[in-house]
Amino acid sequence: MNEKDIITLSIETSCDETAAAITKNGREVLASVVATQIDLHKKYGGVVPEIASRKHLESIMPVIDETLEEWNQNCGGVKEDIDLVAVTYGPGLVGALLVGMSAGKAMAYALNKPLIAVNHIEGHIAAAYITYLELEPPFVCLIVSGGHSHVVLVKDYIQFEILGRTRDDAAGEAYDKIARVLGLGYPGGPEIDNRAIANPKSMSELPQFPRVNFSDGTSDFSFSGVKTSVMNYINKEQMQGREIFVDDICAGFQTAVSDVLVQHTLDALTKCKKNISNPDSLNKIAVVGGVAANKGLRAKMKELCDVEHIELFIPDFELCTDNAAMIGAAGYYSFINGRKISGLDLNAIPNLKLGE
Ligand code: KG4
Ligand code: ZN
């Protein structure tokens with residue numbers, strides 16, 4: 001191990017994944033364990049906060065132990081080699097966050113190592129640094145998950161300017177709600193995606209749903225209109241005694257959502273370029289968060305970025321949905337860029353914003 005290497009133990013419990021990881025210098029994953037609670041929440045059609053907290057409590061120490069074991073087997077690492085403990089402190093479900101934070105505090109205290117608090121949204125952005133070792137800011141980042149939809153200018157590793165955000169539902173939330181209406185289970189994203197991708201019909205043969213744009217110059221999103229429109233479509237078809245073609249609704253919905261996500265991100269990049277003296281220095285887009293696993297979105301973004309000669313960075317599938325390696329990456333960059341070390345009085349901030 002190099003003298004200057006920084007080994008980070010990171011912990012993530014903001015929603016329904018209990019995760020821990022060991023990363024080296026923010027970019028290299030030495031061990032990573034994700035215990036998902038999806039099966040537990042499936043029968044309720046979404047995450048039940050109290051059940052999530054209890055399950056995190058049950059899983060957190062076994063997940064950390066398994067991560068340390070994996071690291072030891074992979075590279076002979078031992079607890080004493082850890083330099084930094086990084087933990088998600090928001091946004092997320094308060095009870096869930098507190099479980100991971102308590103474990104993080106205990107580890108930092110026991111190992112006598114610094115504790116760094118990580119914003120979960122910054123974690124999603126940092127996932128791109130793991131997949132793409134060459135990626136450096138500045139770039140425009142589309143963050144789309146179950147709880148967030150933002151377009152952000154990543155100015156450097158710890159400075160962000162929000163260019164657009166959702167005014168109602170997050171993109172993943174819209175996927176999950178539509179899936180529930182269609183009886184496709186939770187989480188809805190992967191199922192709708194698979195059905196949409198497998199659908200051979202052309203655009204003109206699919207039901208059309210609205211794409212919302214605002215005329216105030218922001219790159220904001222709104223997904224509640226498309227959701228209502230899908231529900232109205234289903235009601236109308238049922239009332240007129242017509243058969244509901246679920247796969248067609250999935251494809252029409254996915255096309256509408258991905259059109260908006262791609263267009264708003266490209267527009268945001270164009271606007272940013274106009275405001276800087278050297279526009280050629282900003283020619284990169286990253287797409288992160290659970291919905292970045294969407295095959296339709298990935299393909300459309302790639303197609304348009306190729307046309308515009310924009311470099312595109314989308315993390316590997318397992319780094320799109322919640323994991324702790326991304327928290328380790330963000331924690332490392334917070335640490336080396338001089339952000340404040342947290343004390344044992346660190347509290348969870350359930351509605352933490354990006355850049356706070
Ligand atoms: O990032 P994530 O794991 O958790 C949050 O921070 O919210 O994102 C979970 C969200 C869920 O809404 C899920 O339906 C969505 O990501 N998702 C997808 C896909 N895979 C996961 N949405 C669309 N297509 C997918 N393939
Ligand atoms: Zn997330």
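Each ligand, and each atom within it, is numbered from 1 in the order the structure gives. Residue indices begin at 1 and follow the sequence shown.
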Asker: Decide whether N194 and K295 meet the rule of one side-chain donor and one side-chain acceptor closer than 3.5 Å.
Answerer: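 Per modelled atom types, N194 and K295 side chains form a pair under 3.5 Å.
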Asker: Would you say the side-chain atoms of E205 and S202 include a donor-acceptor pair closer than 3.5 Å?
Answerer: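 Indeed, the side chains of E205 and S202 share at least one donor-acceptor pair under 3.5 Å.
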Asker: Which atoms of the protein, restricted to N, O or S, are nearer than 2.8 Å to the Zn ion (ligand 2)?
Answerer: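 Short answer, with waters excluded from the count: H120 NE2, H124 NE2, D322 OD1.
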Asker: Who passes salt bridge (Lys or Arg N to Asp or Glu O under 4.0 Å) against K353, sequence neighbours left out?
Answerer: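 Here no residue qualifies.
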Asker: Using heavy atoms and a 4.0 Å limit, tell me yes or no: is A293 in contact with ligand 1?
Answerer: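 Contact check A293 vs ligand 1: positive.
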Asker: Do E122 and R339 sit within salt-bridge range, that is, some charged N less than 4.0 Å from a carboxylate O?
Answerer: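 Judged by the 4.0 Å cut-off on N to carboxylate O distance, E122 and R339 do form a salt bridge.
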Asker: For A31, is there any backbone N or O sitting under 3.5 Å from a side-chain donor or acceptor partner on T67?
Answerer: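 Side chain of T67 to backbone of A31: no pair is present.
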Asker: For the CZ atom on R54, are there more than 12 heavy atoms of other groups (residues, nucleotides or ligands in this structure) within a distance under 6.0 Å?
Answerer: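 Count not over threshold, so no.
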Asker: When you measure from atom 3 (O) of ligand 1 to every protein heavy atom, which one gives the shortest distance, and what is it?
Answerer: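 Here the nearest protein heavy atom works out to D322 N, 3.0 Å.
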Asker: Do any N/O atoms on H124 end up under 3.5 angstrom from N/O atoms on ligand 1?
Answerer: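 Among all N and O atoms of H124, at least one is under 3.5 Å from an N or O of ligand 1.
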Asker: Do the side chains of Y175 and Q254 get nearer than 4.5 Å, heavy atoms only?
Answerer: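 With C-beta onward as the side chain, the pair touches.
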Asker: Please state whether Q254 comes within less than 4.0 angstrom of ligand 1, counting heavy atoms only.
Answerer: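 Heavy atoms of Q254 never come under 4.0 Å of ligand 1.
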Asker: Report yes if some N/O of G147 lies less than 3.5 Å from some N/O of ligand 1; otherwise report no.
Answerer: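 Yes; at least one N/O pair falls below 3.5 Å.
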Asker: Closest non-hydrogen protein atom to atom 26 (N) of ligand 1, residue and atom name please, with distance?
Answerer: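 For this ligand atom, the closest protein heavy atom is D193 OD2, 3.1 Å.
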Asker: Please state whether the rings of F223 and F221 are parallel, tilted or perpendicular, taking 30° and 60° as the class boundaries.
Answerer: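 F223 and F221: parallel rings.
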Asker: For the pair F209 and Y233, name the ring-plane relationship: parallel under 30°, tilted 30 to 60°, perpendicular over 60°.
Answerer: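 F209 vs Y233 ring planes: perpendicular.
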Asker: Tell me whether H120 has any N or O atom under 3.5 angstrom from an N or O of ligand 1.
Answerer: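 The answer is yes, given that H120 and ligand 1 share an N or O pair closer than 3.5 Å.
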Asker: So which protein heavy atom does atom 21 (C) of ligand 1 come closest to, and at what separation?
Answerer: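 In this structure, atom 21 (C) of ligand 1 has G290 O, 3.4 Å as its nearest protein heavy atom.
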Asker: Any atoms of ligand 1 less than 4.0 Å from a non-hydrogen atom of T321? List them with their elements.
Answerer: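 Those atoms are 3 (O).
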Asker: With atom 8 (O) of ligand 1 as the reference point, say which of G172, G146, A171, G92 has the nearest heavy atom.
Answerer: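 Selected option, by shortest heavy-atom distance: G146.
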Asker: Tell me whether the count of non-hydrogen atoms from other residues, nucleotides or ligands lying under 6.0 Å of CZ in R211 goes above 12.
Answerer: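 More than 12 within 6.0 Å, yes.
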Asker: Kindly confirm or rule out an N or O of N294 lying under 3.5 angstrom from an N or O of ligand 1.
Answerer: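 For ligand 1, there is an N or O atom that lies under 3.5 Å from one belonging to N294.
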Asker: Between Y44 and Y186 (judged by ring centroids, cut-off 6.0 Å), do the two rings come close enough to count as a pair?
Answerer: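 Not close enough - the centres of the two rings lie 6.0 Å or further apart.
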Asker: Are any of the N/O atoms in Y175 less than 3.5 Å from those in ligand 1?
Answerer: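 Between Y175 and ligand 1, no N or O pair is found under 3.5 Å apart.
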Asker: Return the set of residues passing side-chain contact (heavy atoms from CB on, under 4.5 Å) with A324 (not counting sequence neighbours), or none when no residue passes.
Answerer: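 Result, side-chain contact (heavy atoms from CB on, under 4.5 Å) vs A324: S10, E12, A19, A21.
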Asker: From the options D176, I178, V34, select the one whose nearest heavy atom is closest to atom 11 (C) of ligand 1.
Answerer: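 Going through D176, I178, V34 one by one, D176 has the nearest heavy atom to atom 11 (C) of ligand 1.
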Asker: What residue and atom, counting heavy atoms only, is the protein's closest point to atom 22 (N) of ligand 1, and at what distance?
Answerer: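 The closest one turns out to be G189 CA, 3.3 Å.
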Asker: Pair up each side-chain donor or acceptor in residues 90-118 with any protein partner under 3.5 Å, not counting sequence neighbours, and list the distances.
Answerer:
{"residue": "S102", "atom": "OG", "partner": "L98", "partner atom": "O", "Å": "2.7"}
{"residue": "K105", "atom": "NZ", "partner": "L344", "partner atom": "O", "Å": "2.9"}
{"residue": "K105", "atom": "NZ", "partner": "L346", "partner atom": "O", "Å": "2.6"}

